[in-house]
Each structure stands twice: as structure tokens, then as C-alpha cells.
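See structure below.
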Amino acid sequence: MTRRATLAGISVGLLLLGCSVGTRAERDPEPRTAPESTASASASADAAATAEAVGLLRAGTAFVNQTSFRSDVDIASQITSLSHTDNVNKRVNATITAPGGTIEIRMIDDDVYLKAGQLLRGVGDQWMVLDPARVPAGFALSFAPGRNDSGGSGRLIDAIVTARADGRQITGTIDATRIGVGNGISFRLDPGGVFPDSARRHAFRAMLDTEGRLVSFLMPEASGLPSASLRYSDFGSTVSVVRPAGAVVAPDALYPQLGMGGGG
């Protein structure tokens, strides 16, 4: 039976922009049963390898709170985002491109500016200043640790099922149903849709640079889900953000459209 799944990708955790992709719910073949002692030893080794690899990935994202960086998200070449983030000095420049137009976001200290182009209804195409208190919680814009990664790597790491490190490369499986919504890569079903069982063991490949920083996290097209990638680069580069001239207060019509009504 075929369902329609909606994949939503976003940078800086603000808007949920969807593109539909087909998923097929298929029952995976029954695994062969291994002797109990062998299975237990194997499971223990796998758990240890996964813990080690996840630890490397978490350590590899420490730069988010320490230096400036660039993050690029690409989902099936349909939704892309480019962000330059400096959490130390509270500066962000971000551009999100989706079918139908482009959204620009600028953050300076506690001020958040957005230009929606033609992608949002009833808000115009001028620069707007947002009230952060009215942005849906799942998409709140913040420089606070834990909520300030424009690439959204933390949600990906939290959804890892198995992983193994081989030098600077880490490979394994991720539960796509657990990624949720927010910054970076997200998968969301249309009403009535279901993920196939295989989406809970979706392959991924990550790479660390010579300093141990996460520089890529790739998910190939499979399980009815499109390809998705997250990349980090330009560590330590200056992030210059210009405060938009003539920005108006964001109208009430904007907020219900952020995160498709709250990202639920």
C-alpha cells in the first residue's frame, strides 16, 4: 500500500516547507535467529561501537558554540538552505530556497528579520521584524546553547540507531521517524500517511574533518524518502549581518504560517 510522505527541510528552524514523496509500506523479511550467546555478544559489541561513534559526532558539533560556521542543507535538490551563523557574536544570515521562491532571515542580537517573498500569504514581500515570543516553540530562533545550530545536527544524532566509526567516517542507520521537525532535515507525513518499517533503519554516512568537526551528514534516497544532506564549512569566518532598512512589524497573518501552524 502506498502513502504520501511529506519531507520538510528548513534552516534556522523557522518555516516548514513541504514537498511530497511516495513511501511504500513493506514488511521486512523475518531475521534469522542466532544462538543466544552469539546474539548477546554481537549486540554488546554493536552497542559499544554505536556509543563510541555517537560520542564522536556529539564532540564533532562542539564548534556550534565556539566559532562561526556555514551550514548547507539540501533535500532532493528541491529545498535548500544556506546559513552563516556566529552564535558567539549573535549574528545569522540565512537563505531558504524552495519551489515557489526564497526566504531570507537575518538575526542581530535579539532582533529577528524575515523577508518572505511570495512564499507566505498575506504578509507582503518587505522585510519584517518578528516577535520571537510568537514564533512556534519548535521553530524558535535563538542563540541559546542547544537551540542555536542552523544545521540541526543534534536532531539527527539523537535519532541514530546503530553506528560505527572507521577513521574519520561514521556509517550506520538512523530512525527517520524520530528526527522530528526543526532546523535542517525533517521528515513529516501527510495526514493518514505511514512510514515503512525500513525508514526506522535508514542508512546514513557522516564525515569528520582532521580536527574532529562534523563536516557532512548524508542520507541517500531510500525507503520512499528523498536524498538529504547537511554540510558544515567556513569555520571561523566573519559573519556580517546588515540590519534591513525600513523593516515593518510582522503582521498577525505571518505567525500561523510558521512551522505549518506550530510544527506539530
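Within the structure, salt bridge (charged side-chain N to carboxylate O under 4.0 Å, His left out) contacts touching residues 113-123 (residues at least two apart or in different chains) do not occur. Sorted by first and then second residue, the ring-ring contact (aromatic ring centres under 6.0 Å, His included) pairs with a member in residues 157-184 form an empty list; sequence neighbours excluded. For residues 90-136, no pair satisfies ring-ring contact (aromatic ring centres under 6.0 Å, His included), with sequence neighbours left out.
The closest donor-acceptor contact from the side chain of R155 to the backbone of I185 lies under 3.5 Å. The backbone N or O of V88 lies less than 3.5 Å from a partner atom in the side chain of D86, making a donor-acceptor pair. Judged purely by atom type and a 3.5 angstrom limit, S83 has no side-chain atom pairing as donor or acceptor with the backbone of S150. Side-chain N or O atoms of N148 include one that pairs as donor or acceptor with a backbone N or O of F143 at under 3.5 Å. The backbone N or O of P220 lies less than 3.5 Å from a partner atom in the side chain of H202, making a donor-acceptor pair. Remark: the backbone N or O of V239 is not paired with any side-chain donor or acceptor of R91 at under 3.5 angstrom. Between the side chain of N87 and the backbone N or O of V64, at least one donor-acceptor pair lies under 3.5 Å. Of the possible polar contacts, none joining the S68 side chain to the T238 backbone as a donor-acceptor pair under 3.5 Å is found. A donor-acceptor pair is defined here as one N or O able to donate and one able to accept, closer than 3.5 Å; such a pair exists between the side chain of D131 and the backbone of A133. No donor-acceptor pair under 3.5 Å is formed between the side chain of D125 and the backbone N or O of A116.
Distance OG/S71 to CG/D234: 10.5 Å, rounded to 0.5 Å. Rounding to the nearest 0.5 Å places CD of Q78 at 13.0 Å from OG1 of T97. Between the CZ atom of R70 and the OG1 atom of T85 there is a distance of 11.5 Å, given to the nearest 0.5 Å. Interatomic distance, D74 CG to T80 OG1, rounded to the nearest 0.5 Å: 6.0 Å. Remark: I170 CD1 to F217 CZ distance equals 9.0 Å, nearest 0.5 Å. Taken from OG1 in T67 to CZ in R213, the straight-line distance is 7.5 Å, to the nearest 0.5 Å.
At a threshold of 4.5 Å between non-hydrogen side-chain atoms, the residues L208 and Q169 do not count as touching. Counting heavy atoms from C-beta on, the side chains of F69 and D149 come closer than 4.5 Å. Using a 4.5 Å heavy-atom cutoff, the side chains of I103 and L114 are in contact. Residues T102 and T95 are in side-chain contact: their nearest non-hydrogen atoms beyond the backbone lie under 4.5 Å apart. A heavy-atom distance below 4.5 Å is found between the side chains of I160 and L57.
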Would you check, one step at a time, whether the test side-chain contact (heavy atoms from CB on, under 4.5 Å) holds for F235 with V215? CA-CA 10 Å; F235 303 106; V215 290; 4.0 Å; yes
May I have the step-by-step check of side-chain contact (heavy atoms from CB on, under 4.5 Å) for V129 and V112, ending in yes or no? CA-CA 6 Å; V129 58; V112 180; over 6 Å; no
Test R243 against D111 for salt bridge (charged side-chain N to carboxylate O under 4.0 Å, His left out), laying out the working first. CA-CA 9 Å; R243 198 178 297 274; D111 296 327; 2.7 Å; yes
Only pairs under 3.5 Å count here: list side-chain donor-acceptor contacts from residues 172-179, not counting sequence neighbours, and write none if there are none.
from : atom 1 : to   : atom 2 : distance (Å)
T173 : OG1    : T162 : N      : 3.4
T173 : OG1    : T162 : OG1    : 2.7
D175 : OD1    : T177 : N      : 3.0
D175 : OD1    : T177 : OG1    : 2.5
D175 : OD2    : T177 : OG1    : 3.4
T177 : OG1    : R200 : NH1    : 3.0
R178 : NH2    : D158 : O      : 2.5

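A pairwise comparison of heavy atoms in D110 and K90 identifies OD1-NZ, 4.2 Å as the closest pair. When all heavy atoms of V73 and G184 are compared, the pair lying nearest together is CG2-CA, 3.9 Å. Across all non-hydrogen atoms, the minimal contact from L230 to G151 is CD2-O, 3.4 Å. The heavy-atom pair separating A253 from G122 by the smallest distance is CB-O, 3.8 Å. Scanning both residues, S153 and L214, for their nearest heavy atoms gives CB-CD2, 4.0 Å. Across every non-hydrogen atom of P145 and N65, the tightest pair is CA-OD1, 3.8 Å.
A search for side chain to side chain donor-acceptor pair (under 3.5 Å) contacts involving R106 returns nothing, not counting sequence neighbours. Every residue two or more places apart in sequence or in another chain that forms a salt bridge (charged side-chain N to carboxylate O under 4.0 Å, His left out) with D252 is listed here: R134.
For R58, the CZ atom is densely surrounded, since the number of other residues' heavy atoms within 6.0 Å is greater than 12.
Under 4.0 Å is where a charged nitrogen must lie from a carboxylate oxygen, and between D166 and R164 no such pair does.
One hydrophobic cluster, built from ILVMFWY side chains closer than 4.5 Å, holds both V248 and M107. Both M207 and M219 are members of a single hydrophobic cluster when ILVMFWY side chains are connected at heavy-atom separations under 4.5 Å. Each of L218 and L156 belongs to its own hydrophobic cluster when Ile, Leu, Val, Met, Phe, Trp and Tyr are linked at side-chain heavy-atom distances under 4.5 angstrom.
Taking the six-membered ring for Trp, F63 and Y232 have ring centres closer than 6.0 Å.
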